[in-house]
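Only one structure is covered here, and it is reproduced in the block below.
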Amino acid sequence: MPLPILVVNGPNLNMLGAREPSIYGKISLPEIEERLQLKAKALGVEVECFQSNEEGVLVTRLQEAVSNASGVIINAGAYTHTSVAILDALSLLTQPIIEVHLSNIYRRESFRHKSYVSMIARGIICGFGADGYVMALEAMKGLQTA
Ligand code: CA2
């Protein structure tokens, strides 16, 4: 049985759809996860979704991914710009890592231009809203079949 692709979402992304639709869109996280499951079925891959608001919980899940995921798609939320701990956990992985952001972080405040995740990610998709997660899944499938 092939290992699932892990989709990790960080702090506040559980609030999607409820506030700030002009920046992050109207879609909720469960709706994004449903879209990903449909796409996964079409691509013939397994997807497992995980969200936490806590840095240590995210680090622990990424450590587990070393042995139970075939790749990681991650939107670390605000921890993208601050967390060396998440960078270190991602560095344990030999599987491909794809970074996703709903918004184009490079069109926003300068503190969002720094990404620790980008230092380890194979690629980054940002600015396409929820479609970015689906694009990342397609890219991951491409990497795994290449
Ligand atoms: O654009 C993205 O996906 C971000 O990762 C979202 C993070 C932000 O800190 C990053 O700079 C870029 C914030 C997620 C907050 O999500 C909310 C959703 C609804 C209402 C309020 C916040």
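In each ligand, atom 1 is the first atom listed, and ligand 1 is the first ligand listed.
Close contacts between ligand 1 and Ala78 involve ligand atoms 9 (O) [criterion: under 4.0 Å to a heavy atom]. Residue Met15 approaches ligand 1 through these ligand atoms, each under 4.0 Å from one of its heavy atoms: 18 (C), 19 (C). Less than 4.0 angstrom separates some heavy atom of Glu20 from each of these atoms of ligand 1: 21 (C).
Protein heavy atom closest to atom 15 (C) of ligand 1, with residue, atom name and distance, is Asn12 CB, 3.6 Å. For atom 6 (C) of ligand 1, the closest heavy atom belonging to the protein is Tyr24 CE2, 3.6 Å. Atom 11 (O) of ligand 1 has as its closest protein heavy atom His81 NE2, 2.7 Å. Of the protein's heavy atoms, Leu102 N, 3.4 Å lies nearest to atom 2 (C) of ligand 1. Summary of contacts: the protein heavy atom closest to atom 4 (C) of ligand 1 is His101 ND1, 3.7 Å. The protein non-hydrogen atom at the shortest distance from atom 9 (O) of ligand 1 is Arg112 NH1, 3.0 Å. The protein heavy atom nearest to atom 1 (O) of ligand 1 is Ser103 OG, 2.5 Å. Considering only non-hydrogen protein atoms, atom 14 (C) of ligand 1 sits nearest to Leu13 CD2, 3.8 Å.
The side chain to side chain contact (heavy atoms under 4.5 Å, CB included) with Leu16 is formed by just one residue from the set Leu13, Asn12, Asn14; it is Leu13.
One finds a salt bridge joining Glu48 and Arg61 here, because a Lys/Arg side-chain nitrogen approaches an Asp/Glu carboxylate oxygen to under 4.0 Å. A salt bridge does not link Glu138 to Lys141: none of the charged side-chain nitrogens sits closer than 4.0 Å to a carboxylate oxygen.
Contact annotation: Ala18 has no heavy atom less than 4.0 Å from any atom of ligand 1. At least one heavy atom of Asn75 sits less than 4.0 Å from an atom of ligand 1.
The two residues Ser83 and Glu55 make their nearest non-hydrogen contact at OG-OE2, 2.5 Å.
Of the possible polar contacts, none joining the Asn75 side chain to the Asn9 backbone as a donor-acceptor pair under 3.5 Å is found. For Glu33 (side chain) and Cys49 (main-chain N/O), no donor-acceptor pair under 3.5 Å exists by modelled atom type.
Note on ring orientation: taking the six-membered ring where Trp is involved, the planes of His101 and His81 are parallel (angle under 30°, cut-offs 30° and 60°).
With Tyr116 as the aromatic partner, Lys114 meets the cation-pi criteria of under 6.0 angstrom to the ring centre and within 45 degrees of the ring axis.
Ile98 and Val8 are not part of a single hydrophobic cluster, where members link through side-chain heavy atoms under 4.5 Å apart.
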